[in-house]
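Have a look at the structure below, then the notes.
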Amino acid sequence: MKIIPQIFYQTPTLHVTRQLLGAIIETTIDGQKTSGIIVETEAYLSENDPACHAGRGMTKRNAVMFNEGGAAYIYLIYGLHYCFNVVTETKGIGCAVLVRAIEPLQGIEIMRQRRKTSGLANLTNGPGKVCQALGINLRHNGAALYGRSPVTIYQGNKLDSAKIECDSRIGISQGKELPYRYFIKIEN
DNA sequence: TATTGGATCGCC
DNA sequence: GCGATCCAATAG
């Protein structure tokens, strides 16, 4: 498998959001390898996007959003869940892509243990669940995704563009009308 | 300085 | 529908 190079993350954010569908995210934590295919993403833009953390300047929490594209931006939401994002654009911009859901590939038993569930359907179908299953936490904030790192993203198989849908984002109160959520359509 | 709401999840 | 309970924006 080929690691996605850093230059990819510096292409326009909505392009990255769309192109990350089908890519493979893999973590190696305490010698345990887990991975999955990215099936749902959301863009958060620095311009004209009231839901973006970076929209009103840098804080301690969002500082890595202003790094060069290709870094992991991880934050704690509601005091108890982590969200995993990929930083995009060039240094100082402040855009990112949230990974909302993956389809489990490797290490499914490890993911079940981390998630404390025996199910498969509810293993990685939400941003907090993805982080818990992959073992991602604040230690990985700022990590490079294109090199030797506990979190790496690989190119996936090419997707049929007819299978990709786009609509409004989930769980936000501002910027609801923006069509920045991309996902792979479920087959009948 | 105190309060409120948030890119969520699991259980009631 | 509600509670868990950290971070940061607002004075709700």
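Residue numbering restarts at 1 for every chain, and letters A, B, ... go by the order of the sequence lines.
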Rounded distance in Å between the P positions of dA7(B) and dT10(C): 13 Å

Test item: R114(A) side-chain N/O and A133(A) main-chain N/O as donor-acceptor pair under 3.5 Å: yes

For dA2(B), the Watson-Crick or wobble counterpart (both distances under 3.5 Å): dT10(C)

Centroid distance under 5.5 Å and plane angle under 30°, Y78(A) vs dG6(B): no

Inter-nucleotide C1' distance (dA8(C), dG12(C)), Å rounded: 16 Å

Assigned partner base of dA7(B), Watson-Crick or wobble definition, under 3.5 Å: none

Phosphate contact (dG5(B) OP1 or OP2) by S173(A) side-chain N/O below 4.0 Å: no

Main-chain N/O of Q32(A) paired with D30(A) side-chain donor or acceptor, under 3.5 Å: no

Touch class at under 4.0 angstrom, heavy-atom based, for N85(A) against every strand present: base

Sugar-phosphate, base or nothing in reach of R169(A), heavy atoms under 4.0 Å: nothing

Short side-chain N/O contact to dG10(B) OP1/OP2 from K129(A), under 4.0 Å: yes

Side chain of P127(A) (C-beta onward), nearest among dC6(C), dG10(B), dC9(B): dC9(B)

Short side-chain N/O contact to dT8(B) OP1/OP2 from R100(A), under 4.0 Å: yes

R181(A) side-chain N/O to dA7(B) phosphate OP1/OP2 under 4.0 Å: no

Sugar-phosphate, base or nothing in reach of I172(A), heavy atoms under 4.0 Å: sugar-phosphate

Selected nucleotide, minimal atom distance to L76(A) side chain, candidates dC6(C), dC9(B), dT8(B): dC6(C)

Given dA4(C), dA8(C), dA7(B), the nucleotide with the shortest approach to the side chain of T59(A): dA8(C)

Donor-acceptor contact below 3.5 Å, side chain S35(A) vs main chain L105(A): no

Residue mapping more 5' on DNA chain B - nearest nucleotide basis, Q132(A) or Q174(A): Q174(A)

Between CD1 on residue I24(A) and CD on residue Q106(A), distance to nearest 0.5 Å: 8.5 Å

Modelled atom types, side-chain donor and acceptor of Q132(A) and R115(A), under 3.5 Å: yes

